[in-house]
Protein chains: 2
Amino acid sequence: MDSKIFNLKAKLELYKAMTNGGNFADCPVRDVIQGISGKWSSLLVMALAEKPYRFGELRRLVPDISQRMLTQTLYDLQRDGYVHREVFPTKPPSVEYSLTDLGRSMFLPLQQLVQWAELNHDAVRGARAAFDAAQG
Amino acid sequence: MDSKIFNLKAKLELYKAMTNGGNFADCPVRDVIQGISGKWSSLLVMALAEKPYRFGELRRLVPDISQRMLTQTLYDLQRDGYVHREVFPTKPPSVEYSLTDLGRSMFLPLQQLVQWAELNHDAVRGARAAFDAAQG
DNA sequence: AGTGCTGGTCTCTTTTTGAGACTACCAATC
DNA sequence: GATTGGTAGTCTCAAAAAGAGACCAGCACT
């Protein structure tokens with residue numbers, strides 16, 4: 001099989017999936033992608049892929065997130081089914097966040113992207129520096 | 001080899017990469033991820049993976065992007081080395097945007113994520129509907 | 001009685017994004 | 001010759017999202 005043609009077909013299919021065949025207002029793929037492409041979503045999913053964490057632990061783990069955004073991002077991740085929220089009736093009550101099966105399955109491709117970022121951040125930073133040096 | 005242990009190690013390594021071992025202020029992986037996790041970045045990369053496009057073509061292709069955000073997202077993608085911008089001296093001058101080698105290499109893991117989204121958007125929408133029905 | 005820990009919410013300010021008018025140039029049309 | 005249309009943007013102002021920090025209730029410990 002000609003892998004070039006295969007790749008082009010794959011690209012076109014994915015592009016169509018992402019554009020919903022022209023119906024941009026109601027594209028499920030974009031909807032899903034936007035849900036996980038927020039500023040903090042991927043970082044929290046990466047953290048919870050390691051192990052479950054409590055609210056305060058996550059806050060200390062990611063010191064530059066505001067409490068407000070931590071609440072809201074966890075809420076959104078829970079709403080979309082990536083994260084499970086469990087309240088333990090301790091005093092004071094503690095809340096544990098963990099990945100669901102859906103969250104774990106999404107973690108796999110996300111991992112690929114993070115791996116790519118790890119391998120290529122030098123190239124990206126180099127490109128940025130070169131661009132800025134040329135007074136883009 | 002125990003694949004469970006391998007996976008845990010992989011997770012921990014990636015989590016460390018994403019948190020830069022505690023140095024959150026200067027983490028190259030988060031820096032790269034945030035550069036491609038904007039609202040329009042992934043969509044434009046997917047479009048340009050199909051073939052090069054001109055500014056106006058992209059604007060018509062993605063009708064719900066504002067001209068301002070199209071300009072800025074393409075600028076950012078160019079600055080980070082994902083996109084090449086070429087001006088042709090026609091009248092009026094036309095500008096073509098295409099993926100660089102770096103952009104194409106980033107497209108591969110991005111593709112995995114979009115594929116996941118395509119396969120799982122029903123689950124996500126279902127989770128969201130169930131959550132909202134429970135008056136979250 | 002005061003301090004600290006829990007997981008948040010509320011308000012205010014700053015940043016980011018969106019909507020739409022406006023630019024300059026040229027070609028073809030009316 | 002004036003109008004219209006297409007090129008790739010920029011500029012300004014309004015709306016939405018994000019960040020900073022105060023505040024809350026309840027209980028434990030000192």
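Below, chain A is the first sequence line, B the second, and so on; all start at residue 1. Every value quoted in this text rests on a predicted model; they were computed, and no experiment measured them.
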Colleague: Could you tell me the separation between the CG atom of A/Leu58 and the P atom of C/dG7, rounded to a whole number of Å?
Modeller: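 Roughly 10 Å, once rounded to whole Å.
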Colleague: Write down the distance between OH (B/Tyr75) and P (D/dG9), rounded to a whole number of angstrom.
Modeller: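 Result: 12 Å.
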Colleague: Is it true that B/Tyr75 and B/Tyr97 have ring centroids separated by less than 6.0 Å?
Modeller: no
Colleague: Hey, are A/Asp31 and B/Arg125 close enough for a salt bridge, meaning a charged N less than 4.0 Å from a carboxylate O?
Modeller: yes
Colleague: Distances for protein N/O vs nucleotides 16-22 of chain C N/O pairs under 3.5 angstrom?
Modeller:
unit_1: C/dG18; atom_1: OP1; unit_2: B/Lys39; atom_2: NZ; d: 2.8
unit_1: C/dG18; atom_1: OP2; unit_2: B/Trp40; atom_2: NE1; d: 3.1
unit_1: C/dG18; atom_1: N7; unit_2: B/Arg68; atom_2: NH1; d: 3.4

Colleague: Think A/Tyr97 has a side-chain N or O under 4.0 angstrom from the OP1 or OP2 of C/dG8?
Modeller: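 Checking A/Tyr97 against C/dG8: at least one side-chain N or O falls below 4.0 Å of OP1 or OP2.
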Colleague: Is B/Val45 close to B/Leu110 at the side-chain level, that is, under 4.5 Å between some pair of heavy atoms?
Modeller: yes
Colleague: Between A/Asp64 and B/Arg30, does any side-chain N to carboxylate O distance fall below 4.0 Å?
Modeller: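 The answer is yes: the pair qualifies as a salt bridge.
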Colleague: Does B/Thr73 use its side chain to pair, donor to acceptor, with the backbone of B/Leu70 at less than 3.5 Å?
Modeller: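 A pair under 3.5 Å: no.
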Colleague: Which of residues 82-96 of chain A have a heavy atom under 4.0 Å from DNA chain D?
Modeller: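 Heavy-atom contacts with DNA chain D come from A/Lys91, A/Pro92.
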Colleague: Once you round it to whole Å, what is the distance between P of D/dT10 and CG of B/Leu70?
Modeller: 11 Å
Colleague: Mind grabbing the angle between the end helix axes of the helix from C/dA1-D/dT30 to C/dC30-D/dG1? Five pairs an end, 10° rounding.
Modeller: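 Between the axes fitted at each end of the helix from C/dA1-D/dT30 to C/dC30-D/dG1 lies an angle of 20°.
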Colleague: Looking only at heavy atoms, which two atoms of A/Ile36 and A/Met106 are closest? And how far apart?
Modeller: CG2-CE, 3.6 Å
Colleague: Are the side chain of A/Arg104 and the backbone of A/Leu99 linked by a donor-acceptor contact shorter than 3.5 Å?
Modeller: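 Pair found, side chain donor or acceptor close to backbone of A/Leu99.
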Colleague: Quick one: does A/Ser41's side chain have a donor or acceptor within less than 3.5 Å of a partner on A/Ser37's backbone?
Modeller: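 The answer is no, because no donor-acceptor pair under 3.5 Å joins these two groups.
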Colleague: To the nearest 0.5 Å, what is the distance between CD1 (A/Ile65) and CG (A/Leu74)?
Modeller: 7.0 Å
Colleague: So A/Trp116 and B/Phe107, do their side chains get closer than 4.5 Å, heavy atoms only?
Modeller: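 B/Phe107 does not reach A/Trp116 side chain to side chain.
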Colleague: Please step through side-chain contact (heavy atoms from CB on, under 4.5 Å) for the pair A/Thr100 and A/Val83, ending with a clear verdict.
Modeller: CA-CA 5 Å; A/Thr100 61; A/Val83 161; 5.7 Å; no
Colleague: Rounded to the nearest angstrom, tell me the gap between atom CG in A/Asp76 and atom P in C/dG8.
Modeller: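 Atom-to-atom, A/Asp76 to C/dG8, this comes out as 14 Å.
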Colleague: Rounded to the nearest angstrom, tell me the gap between atom CD in A/Glu57 and atom P in C/dG8.
Modeller: 13 Å
